[in-house]
Protein chains: 2
Amino acid sequence: MSARELVVLGTASQAPTRHRNHNGYLLRWDGEGLLFDPGEGTQRQLLFAGVPSSAITRICLTHFHGDHCLGVPGVVQRLSLDAVAHPVVAHYPASGAHWFARLRHATPFHEVADLQERPVCGDGPIATGAFGTLTARRLDHPVESYGYRLDEPNGRRMLPDRLAAAGVVGPDVSRLVREGTLAVGGRTVRVEDVSVPRRGQSFAFVMDTRLCAGVEELAAGVDMLVIESTFLHDDAALAHDHGHLTAREAAGVAARAGVGTLVLTHFSQRYTDPTAFATEAAAVFDGPTVVAADLARVPLPPRRGAV
Amino acid sequence: MSARELVVLGTASQAPTRHRNHNGYLLRWDGEGLLFDPGEGTQRQLLFAGVPSSAITRICLTHFHGDHCLGVPGVVQRLSLDAVAHPVVAHYPASGAHWFARLRHATPFHEVADLQERPVCGDGPIATGAFGTLTARRLDHPVESYGYRLDEPNGRRMLPDRLAAAGVVGPDVSRLVREGTLAVGGRTVRVEDVSVPRRGQSFAFVMDTRLCAGVEELAAGVDMLVIESTFLHDDAALAHDHGHLTAREAAGVAARAGVGTLVLTHFSQRYTDPTAFATEAAAVFDGPTVVAADLARVPLPPRRGAV
């Protein structure tokens with residue numbers, strides 16, 4: 001299993017289908033597990049995906065339409081049933097705090113898990129840690145909606161031949177990375193001498209929105225963009241009326257932003273052939289494109305070159 | 001499709017499994033569709049069962065533990081999304097009205113369906129109609145819990161040979177049933193002359209409870225008893241601690257009550273072999289027994305003889 005991968009739990013929009021559960025995505029990012037927009041049934045989809053509830057460290061809701069959050073009660077109750085020991089942080093649009101309270105306390109249960117609410121009050125960073133920085137950015141939908149972006153700090157890629165020439169081996173490599181310099185046989189080796197700058201990985205999650213500045217800023221240069229394409233472009237008028245994107249628009253974002261891997265999802269049940277989304281996207285974006293399917297696992301692409 | 005059948009939507013107890021969704025049962029009873037205890041994912045289970053939301057006329061909750069009601073938000077929102085035109089009546093323990101309010105208004109949606117709440121305030125009949133009488137009876141569980149029972153009025157079984165001898169044919173038969181008497185060739189035929197009494201069909205739904213008087217009264221003589229058997233009898237102490245029944249106890253109820261078809265369900269995930277429930281029940285109850293499986297359809301057995 002990749003240490004960084006997207007586990008797709010559900011890919012439907014308003015109505016589930018036989019093949020698509022309501023929304024749900026778990027981003028596994030080293031020790032973090034960010035659960036985005038858990039729709040109804042997410043608890044069981046996690047089971048089908050072979051992911052325990054303890055893998056969840058953070059829940060991020062873009063907005064409070066049911067297909068993006070009716071799985072919250074089941075997930076929250078499951079965290080307590082499984083006695084998950086680590087804190088789980090929940091982000092959601094602050095204007096919907098009363099909705100979150102209903103979902104969190106939907107029915108009586110013995111709450112033992114440590115769920116910490118960190119509502120999103122506007123654009124900007126909402127969490128930082130070893131995983132990097134998590135940022136929220138307002139989207140354009142009939143109800144207040146935020147997209148999310150995760151950025152790993154830039155780092156350095158170690159060069160094996162230079163490490164060998166400098167005599168740095170084994171555990172000394174991580175010590176050099178950690179401390180910046182290392183004394184080897186009377187000389188001081190600097191990390192800069194044996195490595196080159198490496199761009200941090202980045203990921204963006206963009207749901208229910210029309211095209212807007214927020215979409216472009218979230219997507220800018222990310223390694224993986226998960227983005228709704230509820231409609232095909234023939235139905236663009238319908239998409240815009242309801243505050244949604246078409247596959248062509250989503251792919252256009254990816255092309256302008258120079259993303260690595262594009263993941264299309266949140267499909268209207270009106271379309272029965274998922275390849276139509278890929279075809280529409282391919283006309284606009286020539287990078288790797290995944291038309292998300294339930295229970296698919298999509299690895300983060302490798303880090304891309306220098307800073 | 002049988003006009004009267006149980007559509008099993010989910011059969012797990014607290015935690016779903018790969019093969020068992022959380023609870024959920026639709027009793028199709030002529031034009032009525034009684035949805036009992038919809039757990040999370042019921043909306044999609046209905047889809048898998050090929051049942052539209054418009055088939056639901058009534059929602060009956062035994063209690064407010066999550067595995068018995070976290071599907072309410074999805075079902076309620078789906079009724080509006082599908083613009084279901086007929087009223088849908090919801091019954092639940094009145095002491096949990098604040099929980100129902102959260103489930104009904106869990107997230108913002110455009111409510112157009114006509115959902116009418118009729119909380120259950122104690123033992124007794126809660127609804128009557130062409131379908132018969134729906135009765136609630138208190139159970140014994142750590143939170144207030146009610147079982148439900150549906151009784152069709154007793155009627156009459158028409159005797160074809162006597163109808164023919166009396167010269168009553170075609171649409172006149174239903175006219176005779178409706179009006180009680182019919183003039184045929186100068187004579188008056190009474191419905192009693194051409195029919196015998198027929199017992200009305202009955203159905204009981206018993207979830208999360210220890211053995212108690214309510215269980216016995218709900219089950220008494222019903223044609224079909226759906227009853228929880230969360231545990232096997234080896235774990236009887238555990239069952240009683242948590243306010244549950246074992247398969248042996250559930251079958252004992254069926255035997256004492258003289259039920260027609262026994263349907264066992266709400267199984268703990270700790271048991272991997274469902275035949276163990278059947279074996280345990282068969283030692284106590286010799287009637288037809290169904291160990292419920294998701295998406296099974298169980299027809300109501302034929303009406304049983306005279307009153």
Side-chain angles (χ1 to χ4, degrees), chain A residues 10 12-22 38-50 52-53 61 63-78 80-82 92-93 95-96 98-111 142-144 269 294, chain B residues 10 12-22 38-50 52-53 61 63-78 80-82 92-93 95-96 98-111 142-144 269 294:
Chain A
S13 55
Q14 201 172 32
T17 72
R18 285 181 167 271
H19 299 291
R20 299 189 187 278
N21 196 69
H22 271 136
E40 182 177 0
T42 293
Q43 177 182 183
R44 194 167 181 220
Q45 293 297 101
L46 283 166
L47 178 78
F48 286 129
S53 66
L61 306 185
H63 66 297
F64 282 98
H65 280 152
D67 53 326
H68 295 259
C69 61
L70 284 186
V72 167
V75 168
V76 164
Q77 295 190 19
R78 190 57 187 258
S80 279
L81 186 64
D82 294 346
Y92 53 80
S95 64
H98 58 298
W99 299 119
F100 193 82
R102 292 181 192 188
L103 296 168
R104 177 174 183 170
H105 307 290
T107 62
F109 69 104
H110 184 51
E111 189 171 17
V143 301
E144 191 178 17
Q269 62 170 334
D294 284 26
Chain B
S13 55
Q14 201 171 31
T17 71
R18 285 182 167 271
H19 299 291
R20 299 190 186 278
N21 197 70
H22 270 137
E40 182 177 1
T42 293
Q43 178 182 183
R44 194 168 180 221
Q45 294 296 101
L46 283 166
L47 177 79
F48 286 128
S53 66
L61 306 185
H63 66 297
F64 282 98
H65 281 153
D67 52 326
H68 296 260
C69 62
L70 284 186
V72 167
V75 168
V76 164
Q77 295 189 19
R78 190 57 188 259
S80 278
L81 185 64
D82 294 345
Y92 53 79
S95 64
H98 58 297
W99 299 119
F100 194 82
R102 293 181 192 188
L103 296 168
R104 176 173 184 172
H105 306 290
T107 63
F109 70 103
H110 184 52
E111 188 170 19
V143 302
E144 190 176 18
Q269 62 170 332
D294 284 26

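The figures that follow rest on heavy atoms only: side chains count, while hydrogens, waters and symmetry mates do not. Within every chain, numbering begins at 1; the chains are lettered A, B, ... in the order of the sequence lines, protein sequences first and strands thereafter.
More than 12 heavy-atom neighbours from other residues, nucleotides or ligands sit within 6.0 angstrom of NE2 on A/His98.
Between A/Arg102 atom CZ and B/His105 atom NE2 the span is 7.5 Å, to the nearest 0.5 Å. The distance from atom CD of A/Glu40 to atom CG of B/Leu70, rounded to the nearest 0.5 Å, is 9.0 Å.
When A/Gln14, A/His65, A/His68 are compared by the number of non-hydrogen pairs under 4.5 Å with chain B, A/Gln14 comes out ahead.
The contact between B/Gln77 and chain A is made entirely by side chain atoms (from C-beta outward), counting heavy-atom distances below 4.5 Å. For B/Phe48, the parts lying near chain A are the backbone and the side chain together; criterion is any non-hydrogen pair under 4.5 Å. In this structure, chain A has a heavy atom under 4.5 Å from the backbone of B/Arg20, while its side chain stays farther away. Heavy-atom distances place the backbone of B/His19, and not its side chain, under 4.5 Å from chain A. Contacts between A/Leu47 and chain B at a heavy-atom distance below 4.5 Å involve backbone atoms as well as side-chain atoms. Of the two parts of B/Ala12, neither the backbone nor the side chain holds a non-hydrogen atom closer than 4.5 Å to a non-hydrogen atom of chain A. Neither the backbone nor the side chain of A/Asp82 comes within contact range of chain B; no heavy atoms are under 4.5 Å apart. With a 4.5 Å cut-off on non-hydrogen atoms, B/Asp67 does not touch chain A at all.
Inter-residue side-chain proximity for B/Pro16 and A/Arg78 is flagged as met; some heavy-atom pair is nearer than 4.5 Å.
When all heavy atoms of B/Arg18 and A/Arg44 are compared, the closest pair comes out as O-NH2, 2.7 Å. B/Phe64 approaches A/Thr107 most closely through the heavy-atom pair O-CB, 3.1 Å.
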